[in-house]
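Input: a single structure, listed below in structure tokens.
Numbers here are sequence positions counted from 1. Values in this document were obtained by computation on a predicted structure and should not be read as measured data.
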Amino acid sequence: MATYNTEKSINAYYEGMKAPVNAEIENAKANYDNAIRRLEENKADADAAAYRNLRRQQVEMPGILRANGSNGGMVDSSVASLNNNYLKNKAGRVTALQGNIANETLGYNEKLNNLRAQLTKYEQQANADKYELHNKKL
């Protein structure tokens, strides 16, 4: 512990120590928010691309199947299979997004907890220095 002449000097010292940690907390929050936004945008882009692909295949597939000699139930079954695969893949993207968000949240919370612990340590050190200062005056 350092020696200080006034409580004001103790406060100034520890505020200076806490400032970079508080800035790191703000940066961690911004990074977390950006990561979540990117994950959601990537999922939305993948959903849009998959939907465009589904629509294109729904239009093209019946003609291609008929040209190859398939008709009736076989064509309908193939289109239904396309739709089913699209929905399964979409559900998979939702699950993946939720997992990715959970991982990001876990990492963010761990970082936040570590930074808050550091702030608490500084607060405890400041209180100990103030206690020491007041006991010297007695």
Side-chain angles (χ1 to χ4, degrees):
M1 287 187 214
T3 304
Y4 303 97
N5 295 331
T6 66
E7 196 169 310
K8 185 177 180 180
S9 64
I10 293 171
N11 290 337
Y13 175 76
Y14 285 107
E15 286 305 314
M17 295 291 287
K18 292 190 304 187
V21 177
N22 285 323
E24 214 174 322
I25 288 172
E26 289 178 26
N27 286 340
K29 174 68 172 141
N31 290 341
Y32 171 75
D33 290 342
N34 286 332
I36 298 302
R37 181 187 46 75
R38 279 191 311 273
L39 288 170
E40 290 171 342
E41 287 174 356
N42 289 343
K43 184 207 170 278
D45 290 347
D47 283 348
Y51 182 75
R52 286 189 302 271
N53 189 41
L54 170 71
R55 296 301 294 160
R56 182 184 50 75
Q57 288 179 345
Q58 284 174 330
V59 169
E60 293 174 356
M61 183 181 271
I64 292 170
L65 290 173
R66 285 187 186 102
N68 288 330
S70 300
N71 53 29
M74 192 175 247
V75 172
D76 293 341
S77 178
S78 295
V79 171
S81 179
L82 262 181
N83 291 334
N84 186 41
N85 286 336
Y86 166 77
L87 293 174
K88 277 186 359 186
N89 290 335
K90 185 175 182 179
R93 287 189 298 275
V94 168
T95 302
L97 174 64
Q98 291 169 341
N100 290 335
I101 288 174
N103 287 336
E104 285 293 332
T105 301
L106 180 63
Y108 169 68
N109 286 337
E110 287 175 2
K111 182 169 185 111
L112 200 57
N113 288 336
N114 290 336
L115 293 169
R116 286 179 177 157
Q118 197 171 356
L119 288 175
T120 300
K121 177 183 163 194
Y122 290 149
E123 192 66 35
Q124 290 171 343
Q125 289 172 336
N127 289 335
D129 286 346
K130 289 175 190 177
Y131 178 80
E132 184 179 308
L133 176 68
H134 290 297
N135 282 339
K136 281 184 184 179
K137 291 180 180 179
L138 297 177

Under the side chain to side chain donor-acceptor pair (under 3.5 Å) definition, can you give me all pairs with a residue in residues 55-67, not counting sequence neighbours? Asn53-Arg56, Arg55-Gln58, Arg56-Glu60, Gln58-Asn83

Taken in chain and number order and not counting sequence neighbours, the residues that satisfy side-chain hydrogen bond (donor to acceptor under 3.5 Å, both in side chains) with Asn127 are none

By side-chain hydrogen bond (donor to acceptor under 3.5 Å, both in side chains), Glu41 pairs with (sequence neighbours left out) Arg37

Just jot down the ring-ring contact (aromatic ring centres under 6.0 Å, His included) partners of Tyr86, sequence neighbours excluded, or say none. none

What pairs meet the side chain to side chain donor-acceptor pair (under 3.5 Å) rule with one or both residues in residues 112-123, with sequence neighbours excluded? Lys18-Glu123, Gln118-Tyr122

The criterion is side chain to side chain contact (heavy atoms under 4.5 Å, CB included); which residues satisfy it with Asp47, sequence neighbours excluded? Lys43, Lys90, Arg93

Set of residues satisfying side-chain hydrogen bond (donor to acceptor under 3.5 Å, both in side chains) with respect to Ser81, sequence neighbours excluded: none

What's the separation between atom CG in Leu119 and atom CG in Leu112, rounded to the nearest 0.5 Å? 9.5 Å

Listed by chain and number, what are the side chain to side chain contact (heavy atoms under 4.5 Å, CB included) partners of Asn11, not counting sequence neighbours? Glu7, Lys130

Could you work out, with side-chain hydrogen bond (donor to acceptor under 3.5 Å, both in side chains) as the rule, every residue matching Asp33, not counting sequence neighbours? Lys29

Using distance alone, with no hydrogens and no angle criterion, decide if Asp129 and Tyr14 have a side-chain donor and acceptor under 3.5 Å apart. yes

Could you tell me the separation between the CD atom of Glu24 and the CG atom of Asn31, rounded to the nearest 0.5 Å? 10.0 Å

Are Met74 and Val79 connected, step by step, through hydrophobic side chains (Ile, Leu, Val, Met, Phe, Trp, Tyr) whose heavy atoms are closer than 4.5 Å? no

About how many Å separate CG of Leu133 and CG of Asn5, when rounded to the nearest 0.5 Å? 8.0 Å

Can you sort out the partners of Lys88 under side chain to side chain contact (heavy atoms under 4.5 Å, CB included), two or more places apart, ordered by chain and number? Asn84, Asn85

Distance (rounded to the nearest 0.5 Å) between Leu87 CG and Leu82 CG: 11.0 Å

How would you list all residue pairs meeting ring pair (Phe, Tyr, Trp, His ring centres under 6.0 Å) that involve residues 24-57, not counting sequence neighbours? Tyr32-Tyr108

Let me confirm one number: the NZ-CG distance from Lys111 to Asn27, rounded to the nearest 0.5 Å. 8.5 Å

